[in-house]
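Numbered from 1 within each chain, the chains take letters A, B, ... in sequence-line order. Keep in mind the model is a prediction, meaning the values are calculated, not measured.
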Amino acid sequence: MNPVYIEDLDRHVGSDVWIHGWLYHKRSSGKIRFIVVRDGTGLVQGVVTPEAGPVAFELADSLPQEASLRVGGTVRAEPRAPGGFELAVSRLEPVHVPTTPFPIGPKEHGTGFLMDHRHLWIRSRRQTPILRIRDAVLWAIRSFFHERGFVATEAPVLVGTSVEGTTTLFPLDYFGNPAYLSQSGQLYLEATCAALGKVYWIGPVFRAEKSKTRRHLIEFWMAEAEQAFLDHEGNLALQEDLVRYVVEAVAAERQRELAELERDPALLLREVGERFARITYREAVALVRDSGVEMEFGDDFGAPAEDALSRHFGHPVFVERFPAAIKPFYMKRDPAQPDLALCADLIAPEGYGEIIGGSQRVDTEEELLAQLREANLPPEPYQWYADLRRWGSVPHSGFGLGVERTVQWLTGTAHIRETIPFPRTLDRLYP
RNA sequence: UCCCCGGUAGCUCAGUUGGCAGAGCAGCCGGCUGUUAACCGGCGGGCCGGAGGUUCGAGUCCUCCCCGGGGAGCCA
């Protein structure tokens, strides 16, 4: 008999079904025993009474946490059961019975302990909905771009040059030559967008920054897009459409998971319900200073400044036109004010920080070479990148969205390490 | 790299002016027919992160080191 998944139990009320899963938790009360089973799609309470037979009744008491099992019985609606449905168990078959106690109990644990057991922690009732929402975010990004005719393409992960700067690269040995793990696929997407028109990719990127905060990972996933003949204004519109699409998809498809995380989908929908705010860097600095956080024009936003911006608006806000001096070499200058870059960061609401960085790209070889010089970067490794400005250069723009930051916002998770199955952080490479 | 906090039972923690090493949970045994981190009774469980020092006596005070957590800078 094929098993039924717990998320589909509402369609099987009154039926006799099998569930294949793991024993999450159990409670015993003399002649009635409750087993909580998880199967990856959710949790369900099984009720075991002596009517299930002596073997099943005994197993309901003796099986330890995280025993794998097949359990059969009748589905019924039951208001006393968590989730509203329960299984009246008539059959219980162990698959594997652990002989040592599962390290992660139903009580509290410290972060260090949980991180040491991340491979087991992901089975817990707060972790599974976060990872399922992550899945929905990634799917929504893909379907958004697919619907708009973007071509999914790839950027290399092993690269010979830096995108963002040289201090934050992971060096490695490439058959005797220096190579690095990519910090961003952007430069390569600029090349493929000249071939395919509009492109995107979702992949891992690596920053060797000694960041030790709740919103940084050493290895994280970026969703990057690049479109030919797209200007700065069009770029912002595209980003706004993407973010709204993702939020609406998650709110619609992951209601149960959001509820398990006590995250209100109505709040998320309200946050993206109206047009995102747009302010210039200059306005943002003034706003930050008004809120009491010290900052000079020409500084990048620190965490307190970003928080102040984030909480000032009830929805995402674009901060446009940063001083070019604090932005990377590949951004096009604002023709009206050449000391500013045609760029924008998108700040998520509620203090979840920057989730997108994007810009119109420099599109003449002369400007590119000049800006490489200003950034003290050698032109040789960027020859191929300069070539894109030599043959059929077009105005083009793109952006990168931080997948984990987005998941963190949508799930309301305090620390970014819980938004990816195996986070890589400053002092942690295990498991 | 800098600042702050912590390391005591498998886990989460308490430990008084320096004076016999404690609790809850987990585990094991027993009880209970509607539990929701069930509850009730019982049992076992310790290199107090490491090294040195002060002291009659150190989990407790001092020095150094190791490890973890939180935050800053930088960024998505």
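Among the atoms of the strands shown, none is found under 4.0 Å from any heavy atom of A:Glu224. When heavy atoms are screened at a 4.0 angstrom cut-off, A:Gly105 is found touching no nucleic acid atom at all. A:Leu217 comes within 4.0 angstrom of a nucleotide base, judged by non-hydrogen atoms across all strands. Base contact: A:His216 has a heavy atom under 4.0 Å from a base atom. Across all strands shown, A:Gln45 has heavy atoms under 4.0 Å from base atoms, whether or not it also approaches the sugar-phosphate. Counting non-hydrogen atoms under 4.0 angstrom, A:Pro64 reaches nothing in the nucleic acid. Counting non-hydrogen atoms under 4.0 angstrom, A:Arg125 reaches nothing in the nucleic acid. Within the nucleic acid shown, A:Asp345 has no heavy atom closer than 4.0 Å to any nucleic acid atom. A:Gln65 comes within contact range of no nucleotide atom at all, as no heavy-atom separation falls under 4.0 Å. A:Arg126 comes within 4.0 angstrom of nothing in the nucleic acid, heavy atoms only. Contact annotation for A:Gly353: no contact, since no heavy-atom pair falls under 4.0 Å across all strands.
The C1' atoms of B:G53 and B:G10 are separated by 33 Å, rounded to the nearest whole Å. Rounded to whole Å, the separation between the P atoms of B:G46 and B:C11 comes to 13 Å. Rounded to whole Å, the separation between the P atoms of B:C43 and B:G22 comes to 14 Å. For B:A58 and B:U17, the C1' atoms lie 14 Å apart once the distance is rounded to whole Å. The same atom, P, is picked in B:C39 and in B:C25; the two are 7 Å apart, to the nearest Å. Comparing the C1' positions of B:U55 and B:G68 gives a spacing of 31 Å, expressed to the nearest Å. Taking atom P in both B:C20 and B:C13, one finds a spacing of 25 Å when rounded to whole Å. B:C62 and B:A21 have their C1' atoms separated by 23 Å, given to the nearest Å.
Checking A:Gln127 against A:Glu418 by side-chain atom types alone, a donor-acceptor pair falls below 3.5 Å. Remark: the A:Trp139 side chain and the A:Glu253 side chain contain no N/O donor-acceptor pair separated by less than 3.5 Å. Checking A:Gln45 against A:Arg27 by side-chain atom types alone, a donor-acceptor pair falls below 3.5 Å. Between the side chains of A:Trp201 and A:Glu224, a donor-acceptor pair is found at a separation under 3.5 Å.
Between A:Ala77 and A:Val13, the closest heavy-atom pair is N-CG1, 4.0 Å. Listed here is the closest heavy atom pair of A:Glu240 and A:Arg275: OE2-CA, 3.3 Å.
Side chain of A:Arg76, nearest nucleotide from B:A72, B:G27, B:G34: B:G34. Here the side chain of A:Arg80 is nearest to one of B:G68, B:G34, B:C32, namely B:G34. Distance from the side chain of A:Arg417 is smallest for B:G70 among the nucleotides B:A72, B:A76, B:G70. Nearest nucleotide to the A:Asp427 side chain, out of B:G68, B:A76, B:C32: B:G68. Nearest to the side-chain atoms of A:Ile416 among the listed nucleotides B:A76, B:G34, B:G73 stands B:A76. When distances run from any side-chain atom of A:Glu306 to the nucleotides B:U33, B:G73, B:C75, the shortest one goes to B:C75. Ranking B:U35, B:U12, B:A76 by closeness to the A:Phe113 side chain, first place goes to B:U12. Closest to the A:Phe34 side chain, of the nucleotides B:A26, B:U35, B:U33, is B:U35. In this structure, the nucleotide among B:G34, B:U12, B:G73 sitting nearest to the side chain of A:His109 is B:U12. Nearest to the side-chain atoms of A:Arg214 among the listed nucleotides B:C32, B:G34, B:G70 stands B:G70.
Side-chain nitrogen and oxygen atoms of A:Arg215 include none within less than 4.0 Å of the OP1 or OP2 phosphate oxygen of B:G71. Here A:Lys212 does not reach the OP1 or OP2 of B:G71: none of its side-chain N or O atoms lies under 4.0 Å away. The shortest distance between the side-chain N/O atoms of A:His415 and the OP1/OP2 oxygens of B:G69 is not below 4.0 Å.
Contact check on A:Glu296 versus A:Arg289 returns a salt bridge, with a Lys/Arg side-chain nitrogen under 4.0 Å from an Asp/Glu carboxylate oxygen. No salt bridge links A:Glu306 with A:Arg405; every basic N to acidic carboxylate O contact stays at or beyond 4.0 Å.
The separation between A:Leu426 atom CG and B:G73 atom C1' is 13 Å, rounded to whole Å. In this structure, A:Glu209 atom CD and B:A72 atom C1' are separated by 14 Å, rounded to whole Å. Following rounding to the nearest Å, A:Tyr200 (OH) and B:A76 (C1') show an atom-to-atom distance of 19 Å. Spacing between atom CD1 of A:Ile104 and atom C1' of B:G27 amounts to 17 Å, rounded to whole angstrom units. If you take CZ of A:Arg118 and P of B:G69, they are 13 Å apart, rounded to a whole angstrom. The CG atom of A:Asp61 sits 12 Å away from the C1' atom of B:C28 (whole-angstrom rounding). The OH-P distance, from A:Tyr24 to B:A37, rounds to 11 Å in whole Å. Nucleotide B:A76 holds its P atom 10 Å from the CD atom of A:Gln183, rounded to whole Å.
Across all strands shown, B:G6 pairs with B:C67; the Watson-Crick or G-U wobble distances both stay below 3.5 Å. Nucleotide B:C61 has B:G53 as its partner under the Watson-Crick or G-U criteria, with both atom distances under 3.5 Å. Across the strands present, B:G44 finds no partner; the criterion is a Watson-Crick or G-U wobble pair with both atom distances under 3.5 angstrom. With a 3.5 Å ceiling on both atom-pair distances, the Watson-Crick or G-U wobble partner of B:U1 is B:A72.
Both thresholds, 5.5 Å between centres and 30° between ring planes, are met by A:Phe220 relative to the base of B:A76, so the two rings are stacked.
Both cation-pi conditions hold for A:Arg33 and A:Phe57: the charged atom is under 6.0 angstrom from the six-membered ring centre and inside a 45 degree cone around its axis.
Between the side chain of A:Ser211 and the base of B:C74, at least one donor-acceptor pair of N or O atoms lies under 3.5 Å. A donor-acceptor contact under 3.5 angstrom links the side-chain atoms of A:Ser28 to the base of B:C32.
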Inset, instruction - Go through A:Tyr245 and A:Glu147 one step at a time and tell me if the side-chain hydrogen bond (donor to acceptor under 3.5 Å, both in side chains) criterion holds. - result: CA-CA 11 Å; A:Tyr245 184 100; A:Glu147 284 174 18; 2.7 Å; yes

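Residues A:Thr425 and A:Ala303 both approach RNA chain B. Their nearest nucleotides, taken by heavy-atom distance, put A:Thr425 toward the 5′ side. Heavy-atom nearest nucleotides on RNA chain B were determined for A:Phe102 and for A:Thr49, and the one closer to the 5' end corresponds to A:Phe102.
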